[in-house]
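Presented below is the structure to which this report refers.
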Amino acid sequence: MERESMEFDVVIVGAGPAGLAAACRLMQCAKASEKEVSVCVIEKGSEVGAHILSGTVFDPRAINELFPGWKEQQAPLLTSVTDDEMHFFTSSQNNKAFPYFMIPDAMRNEGNYIVSLANVCRWLAKQAEELGVEIFPGFAAQQLILEDNQVKGVITGEMGVSASGEHKTEYVPGMELKAKYTLFAEGCRGHLGKQLIEHFHLDAEANPQHYAIGLKELWEIPEAQHFQGKVVHTFGWPLSETGTMGGGFLYHVEDRQVSLGLIVDLNYTNPYVDPYQEFQRFKQHPLIRNTLINGKRLSYGARAISKGGWSSLPKMTFNGGMLIGCDAGTLDNAKIKGSHTAMKSGMLAAESVFKALQQEKQGEIPTDFIDNFKQSWLGQELYAHRNFSPLIHRYGMLAGGAINWLNMKFNNRLIPVTLKDDAPDYMTLKKAAKCIAPCYPKPDGVITFDKMSSVFLSNTNHEENQPCHLVLNDKNIPVQSNLPEYAEPAQRYCPAGVYEIVKEGGENKFVINAQNCVHCKTCDIKDPAQNITWIAPEGGGGPNYPNM
């Protein structure tokens, strides 16, 4: 069957906040200049928003610029922050609340909104389509079109290929989507973004990117326990028991619902740490449990987060395109927010690409983008907070947090230099023999749950008879394992039970249950052998988040 081909001025990979903001801004520029620009957005999820997962406390700065009339246009920013708390969990039973003046300015949420980012993206997609953007959900960008060292588009994944690689009766080849410029907005650790960074050496002058895994649940709770607009952030227990960094959140949204989660930095050292189980322990702290008791869990999901910030940003431009949003790593870790930064990066990219198109350039690097990025509030915000993650990684949550607080109070004059953070997250694990395994209680089925019941709530579904999208680069590494020394951490760092060790013929066998995958990308990041590569499965597969 012959491969079809379509041509556009701009192809955008990913219908998240960065990709959709870029699409909308491109069309706004075209309409303002009375020019015609063809823009296509492809999305691997079954619908826009299906794979979108975030806290989210939403800073409206970017959406104010993109759609000043968003309130009249009924954007789903329904719950403004009314109460802002930060707690240090000193143990499994106790906590200390921080006075408001001690909460760093970057973490304060006055004027922000608690939202479902999935629903914000659905709204952005509607605006984009009304502006003339073509959006194709259910199509995964699988390959780059590279000619003369220039990106000229992407090829979508084949449909109807069996696990053994044979064409099934419903086989459809991938489609070529050719473009003068291609913007990659795949989110954190995008698999094509990863290839582009390597091919064009985009990270040659950057620190390694650093990551966390965010685990989230959505609950419906009794009215008496619900305080719409309340934001709670925590740090300390349970992660402090293993020296792991990160923190928790609890956000009271509308309709008696709360979103809660735990962010676990992936530079942790103990191979026995299980982020999912740490999340279940977190929910047992009285401050969290008392909010959830007699409630109903509605949804679950997990996603990796790019958190290296300014110093870990790769070069975002290359021949034929750009990396935007979390594909590049624009999240502001000091604010614990990345949606407004992702949107702004997409808007800046759109403006540079539109200018290049009007100059009839065919994939040449827009020379104005980097200067515009640095001079924008986005560049200034990321630069001002460039030492946040390195200080936390060097000195821990308490001491590093205190130094960050002082540094921000003195407008970065306390530490005017840019600190390095050179150890990739996959290199930080200690040998299992030197570590103590945490005690993870059995789930109670009321507040805490096992992984499989959680995966069920994520609505994850993959066509079973298809090639495995979790590729072992070297299948001869025994039990995946150069890794008995690390007690095979994949069976713990995966939040969806994808990886397990089973006995077969008296020997250990490494099993990949790819159907469970929620596309978090943690395995691609944390595997100490760097032997697992995540690639996009057949389009439409994966989780289906309704309101996450």
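All residue numbers refer to positions in the sequence shown, counting from 1.
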Q. So do I324 and D327 actually touch side chain to side chain, heavy atoms under 4.5 Å?
A. no

Q: Determine yes or no for a side-chain-to-main-chain donor-acceptor pair under 3.5 angstrom, with Q466 supplying the side chain and E463 the backbone.
A: yes

Q) Are the aromatic ring centres of H469 and H191 under 6.0 angstrom apart? A) no

Q) Would a 4.5 Å heavy-atom cut-off, applied to side chains only, mark M548 and I52 as touching? A) no

Q. Does a salt bridge link D421 with R386, judged by any charged N lying under 4.0 Å from a carboxylate O?
A. no

Q: For the pair N404 (side chain) and F388 (backbone), establish whether a donor and an acceptor sit closer than 3.5 Å, ignoring hydrogens and angles.
A: yes

Q: If the plane angle is over 60° it's perpendicular, under 30° parallel, otherwise tilted; pick one for Y300 and Y276.
A: perpendicular

Q.
Quick one, S80 and N112 - any side-chain contact, counting heavy atoms below 4.5 Å?
A. no

Q) At what distance, to the nearest 0.5 angstrom, does NE2 of H340 lie from CG of D332? A) 6.0 Å

**Q.** Check against ring pair (Phe, Tyr, Trp, His ring centres under 6.0 Å), H226 and W219
**A.** CA-CA 11 Å; H226 185 254; W219 285 64; over 10 Å; no

Q | Over all atoms of both residues, closest heavy-atom pair of N119 and P76 | A | O-CG, 3.5 Å

**Q.** ring pair (Phe, Tyr, Trp, His ring centres under 6.0 Å) between F67 and W123, intermediate numbers included
**A.** CA-CA 11 Å; F67 291 108; W123 181 85; 5.4 Å; yes

Q) In terms of heavy-atom contacts, does OH of Y383 have more than 12 from other residues, nucleotides or ligands at under 6.0 Å? A) no

Q: Classify the ring geometry between H233 and Y251 as parallel (under 30°), tilted (30 to 60°) or perpendicular (over 60°).
A: perpendicular

**Q.** For the student: nearest non-hydrogen atoms of S458 and Y545, plus distance
**A.** CB-CE2, 4.0 Å

Q) Hey, is CE on M452 packed in by over 12 heavy atoms from elsewhere, all under 6.0 Å? A) yes

Q) Can you check whether G541's main-chain N or O pairs, donor with acceptor, with H51's side chain at less than 3.5 Å? A) yes

Q: Could you walk me through whether V518 and N516 pass side chain to side chain contact (heavy atoms under 4.5 Å, CB included), step by step?
A: CA-CA 6 Å; V518 294; N516 293 351; over 6 Å; no

Q: Would you mind reporting whether L429 and T269 have side-chain heavy atoms less than 4.5 Å apart?
A: no

Q. Could you go step by step and tell me if K526 and N267 meet the side-chain hydrogen bond (donor to acceptor under 3.5 Å, both in side chains) rule?
A. CA-CA 8 Å; K526 188 60 178 174; N267 70 336; over 6 Å; no

Q) Does any N or O in the side chain of Q530 come within less than 3.5 Å of the main-chain N or O of I525, such that one atom is a donor and the other an acceptor? A) yes

Q.
Assess whether a salt bridge exists between E278 and R281, defined as any Lys/Arg side-chain N lying under 4.0 Å from an Asp/Glu carboxylate O.
A. yes

Q.
Are F184 and M322 packed together at the side-chain level, in the sense that at least one heavy-atom pair is separated by less than 4.5 angstrom?
A. no

**Q.** Carboxylate-amine/guanidinium contact D265 K307, below 4.0 Å
**A.** yes

Q: Compare every heavy atom of L292 with every heavy atom of K283, then report the nearest pair and how far apart it is.
A: CD-CD1, 4.1 Å

Q. How about F235 and F88: are their ring centroids closer than 6.0 Å?
A. yes

Q: Determine the minimum heavy-atom distance between L215 and P275, stating which atoms define it.
A: CD1-O, 3.8 Å

Q. Quick one: do the E85 and H87 side chains pair a donor with an acceptor below 3.5 Å?
A. yes

Q: Evaluate the criterion side-chain hydrogen bond (donor to acceptor under 3.5 Å, both in side chains) for residue pair S46 and N544; output intermediate values, then yes/no.
A: CA-CA 7 Å; S46 59; N544 280 280; 2.3 Å; yes

Q) When V115 is tested against each of T79, N547, V253, L77 for side-chain contact (heavy atoms from CB on, under 4.5 Å), which residue passes? A) L77

(Q) So which atom in Q209 and which in S306 form the shortest heavy-atom distance, rounded to 0.1 Å? (A) CD-CB, 4.1 Å

Q. Looking only at atom types and distance, does a side-chain atom of S453 sit under 3.5 Å from a main-chain N or O of F449, one as donor and one as acceptor?
A. no

(Q) Under the side-chain hydrogen bond (donor to acceptor under 3.5 Å, both in side chains) test against S454, which residue among R297, Q280, E217 passes? (A) R297

Q. Between S376 (side chain) and L378 (backbone), is there a donor-acceptor pair under 3.5 Å?
A. yes

Q. Is any side-chain heavy atom of H210 closer than 4.5 Å to a side-chain heavy atom of S312?
A. yes

Q. Is a side-chain donor or acceptor of R25 paired with a backbone partner of A350 at a separation under 3.5 angstrom?
A. no

Q. After noting the C-alpha distance and the side-chain angles of Y272 and R492, does the key distance pass the side-chain hydrogen bond (donor to acceptor under 3.5 Å, both in side chains) rule?
A. CA-CA 7 Å; Y272 292 113; R492 287 177 291 278; over 6 Å; no

Q: Test H252 against Q225 for side-chain hydrogen bond (donor to acceptor under 3.5 Å, both in side chains), laying out the working first.
A: CA-CA 10 Å; H252 292 248; Q225 294 154 217; over 6 Å; no

Q: Please determine, by modelled atom types, if D444 and Q284 share a side-chain donor-acceptor pair under 3.5 angstrom.
A: yes

Q | Shortest non-hydrogen contact from A125 toward V48 | A | CB-CG1, 3.9 Å

Q | Chi angles and distances behind the side chain to side chain contact (heavy atoms under 4.5 Å, CB included) call for I114, V231 | A | CA-CA 8 Å; I114 310 171; V231 165; 3.8 Å; yes

**Q.** F200 and P314, any side-chain heavy atoms less than 4.5 Å apart
**A.** no

Q: Taking R108 for its side chain and I103 for its backbone only, find out whether a donor-acceptor pair lies under 3.5 Å.
A: yes

(Q) Any side-chain to backbone donor/acceptor pair from N333 onto L331? Under 3.5 Å, distance only. (A) no

Q: Indicate the ring-plane relationship of W237 and H285, choosing parallel, tilted or perpendicular according to the 30° and 60° boundaries.
A: tilted

Q: Please tell me if the side chains of D274 and Y440 come closer than 4.5 Å, counting only heavy atoms from C-beta onward.
A: yes

Q: Dump the intermediate steps for salt bridge (charged side-chain N to carboxylate O under 4.0 Å, His left out) on D524 and K194, then the final yes or no.
A: CA-CA 10 Å; D524 194 296; K194 182 179 168 184; 2.7 Å; yes

**Q.** Check ion pair K335-D59 (N to O, under 4.0 angstrom)
**A.** yes

Q. Got a donor-acceptor contact below 3.5 angstrom from the D83 side chain to the K230 backbone?
A. no

(Q) Do the side chains of E186 and K44 get close enough for a salt bridge, i.e. N-O under 4.0 angstrom? (A) no

Q | Euclidean distance, Y211 OH relative to C326 SG, rounded to 0.5 Å | A | 10.5 Å

Q: Take W310 and N387 through the test side chain to side chain contact (heavy atoms under 4.5 Å, CB included) and record every step on the way to the result.
A: CA-CA 9 Å; W310 177 266; N387 287 326; over 6 Å; no

Q. Taking NZ, NE, NH1 and NH2 as the nitrogens, is one of them in E220 or K296 under 4.0 Å from a carboxylate oxygen of the other?
A. no

